[in-house]
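Remarks on the structure that follows.
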Protein chains: 2
Amino acid sequence: MARPREFDVDSALCAALDVFWRQGFEGASLTDLTKAMGITRPSLYAAFGNKETLFRKALDRYYEVSMGFVREALAEPRLRGALEKLLYGYADAFTDATHPAGCLTTNGALACSEAAEPVRLELVTRREADEAALRARLAKARAAGELPPESDPAALAAYLMAIIQGMAVQAASGAGRDALYGIIATTLRAGVLGAVSVQTRIAKSRKAANRPLIGPKSTLRNVVM
Amino acid sequence: MARPREFDVDSALCAALDVFWRQGFEGASLTDLTKAMGITRPSLYAAFGNKETLFRKALDRYYEVSMGFVREALAEPRLRGALEKLLYGYADAFTDATHPAGCLTTNGALACSEAAEPVRLELVTRREADEAALRARLAKARAAGELPPESDPAALAAYLMAIIQGMAVQAASGAGRDALYGIIATTLRAGVLGAVSVQTRIAKSRKAANRPLIGPKSTLRNVVM
DNA sequence: GTCATTTTGTACCAATCGGTATGAAACTCA
DNA sequence: TGAGTTTCATACCGATTGGTACAAAATGAC
């Protein structure tokens with residue numbers, strides 16, 4: 001009943017996502033966007049509203065596609081597996097050769113002019129939601145006895161998010177996948193997961209001795225936790 | 001022999017620094033800058049060259065003033081003291097109420113348009129230099145026996161820089177000083193410094209037993225390192 | 001006071017910013 | 001073959017971008 005559009009909305013959005021990812025919200029001009037998307041300005045505005053709504057749709061797509069692993073990582077039954085999948089998933093996403101380096105959520109608008117403030121706040125909200133999801137997973141792990149009762153899921157989540165965001169910064173600075181893997185290895189060896197693995201060993205010895213999961217604190221655990 | 005300038009170059013640069021810190025290089029317009037500095041555009045160009053050279057001078061000042069603690073932190077004789085001063089110093093700088101939140105080096109230009117690419121590369125270089133200095137300090141600590149010989153200063157430096165940059169992201173997102181202190185506490189309790197403190201305890205017991213500093217590895221250290 | 005020198009404010013530059021008006025082109029339905 | 005509807009390309013909008021030309025104003029040297 002009318003003239004059909006000559007471009008694919010999905011692939012155009014995908015192209016816009018990459019431009020925002022590489023240049024940030026303010027650094028991406030409409031000329032950059034339309035050129036990458038292969039469409040004209042009026043087509044962009046008819047299909048996506050304006051620059052800000054286009055960014056929000058690109059952000060949704062980013063979470064669906066590139067951050068899809070997060071949900072399934074957190075759904076892992078054991079905490080150690082969940083955190084490993086989570087951290088390595090982020091490292092892979094931040095250094096995926098088919099996309100710009102780093103993280104859209106940190107690249108998009110860490111600091112910006114007053115005009116882009118709504119976008120910045122949206123990204124802050126997303127980061128907070130990511131941290132909340134991780135916090136919930138850690139709380140669940142503590143309830144399951146995978147973390148000692150005196151551990152603080154909020155503090156651990158903030159710590160892990162800092163490492164993830166730090167990896168995002170380093171990836172945006174040119175760090176390769178190997179460098180990020182090294183950071184994760186250090187984290188897993190000496191950090192929170194040290195406690196987790198110790199806890200796991202304790203749980204195993206408890207199981208072998210047929211003792212309850214929740215019991216007196218181990219001196220070993222006190223050292224690392 | 002000529003008309004004297006009516007503004008103080010230093011305080012004007014200080015004002016420009018805060019604008020760049022809050023809005024990033026691209027997000028700070030000349031109108032924003034001149035308004036904050038209290039000078040006109042020709043005065044700015046006469047005194048500072050152009051926008052990019054102004055940013056570089058502001059960046060130098062940032063390192064001199066707000067990052068001055070880094071040098072003295074790394075100069076601490078013991079590694080534990082050095083890293084504590086370093087981490088808490090960054091947390092304080094990122095949440096100093098007299099300046100914008102976060103870190104100029106990450107806020108300035110993580111992702112940007114092609115026009116700002118030289119500035120972005122300058123910031124990448126600065127971050128690399130910061131990491132190199134930390135790496136050198138860790139290598140010195142390993143040579144002094146404060147870290148086990150099999151530890152990797154490069155990996156540890158990348159790990160610590162990730163935490164620092166992650167704190168910068170969270171501060172820019174509105175996290176307060178307490179939140180950053182919590183991240184540091186988690187790092188010190190479970191992370192690299194766990195190894196350091198264990199090592200220190202081992203060294204102390206060695207000293208008490210009048211044994212050499214470098215000896216067989218402790219099983220305790222194997223757990224956390 | 002006069003000159004040379006530098007800073008100041010104003011007013012401006014071309015280029016680009018995000019966003020649109022307009023009319024031709026392309027489609028479905030009748 | 002129209003009528004109706006939507007997308008397309010072009011050309012444009014006012015506002016803002018980084019950057020300057022220019023002349024008045026303010027100084028020290030003579």
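Note: hydrogens, waters and symmetry copies are ignored here, and every other heavy atom, side chains too, is used. A quick note: this is a predicted structure, and the numbers were derived from the prediction, not measured. Every chain is numbered from 1, with letters handed out A, B, ... down the list of sequences.
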Pair B:I163-B:I183, side chain to side chain contact (heavy atoms under 4.5 Å, CB included): steps then yes or no: CA-CA 8 Å; B:I163 289 173; B:I183 292 172; 4.0 Å; yes
Whole-Å gap separating C1' (D:dG19) and CD (B:E52): 14 Å
Gap between atoms CG and C1', on B:L33 and D:dG18 respectively (whole Å): 11 Å
Heavy-atom side-chain contact between A:T105 and A:Y63 under 4.5 Å: yes
Show me the protein contacts with nucleotides 6-10 of chain C, counting only N or O atoms at under 3.5 Å.
residue, atom, partner, partner atom, Å
C:dT7, OP1, B:R5, NH2, 3.4
C:dT7, O2, B:R3, NH1, 2.9
C:dT8, OP1, B:E6, N, 2.6
C:dT8, OP2, B:S43, OG, 2.8
C:dT8, O4', B:R3, NH2, 3.4

Length of the line joining B:D32:CG and D:dT16:P, which is rounded to integer Å: 11 Å
Gap between atoms CD and P, on B:E26 and C:dC17 respectively (whole Å): 10 Å
Ring-ring centroid check B:Y62 B:F20, cutoff 6.0 Å: no
Nearest-Å distance for atom pair CG/C1', residues B:L30 and C:dA15: 14 Å
Heavy-atom closest pair, residues A:P118 and A:R56: O-NH2, 4.1 Å
Whole angstrom value for the distance that separates P of C:dT20 from CG of A:L44: 12 Å
Length of the CG-P vector between A:N50 and C:dT20, whole Å: 8 Å
Touch class at under 4.0 angstrom, heavy-atom based, for B:A28 against every strand present: sugar-phosphate
Ion pair check, B:D10 and B:R61, cut-off under 4.0 Å: yes
Residues which pass side chain to side chain donor-acceptor pair (under 3.5 Å) with A:T53, listed by chain and number, not counting sequence neighbours: A:N50
Length of the CZ-C1' vector between B:F55 and D:dG19, whole Å: 19 Å
OP1 or OP2 of D:dT16 under 4.0 Å from side-chain N/O of B:T31: no
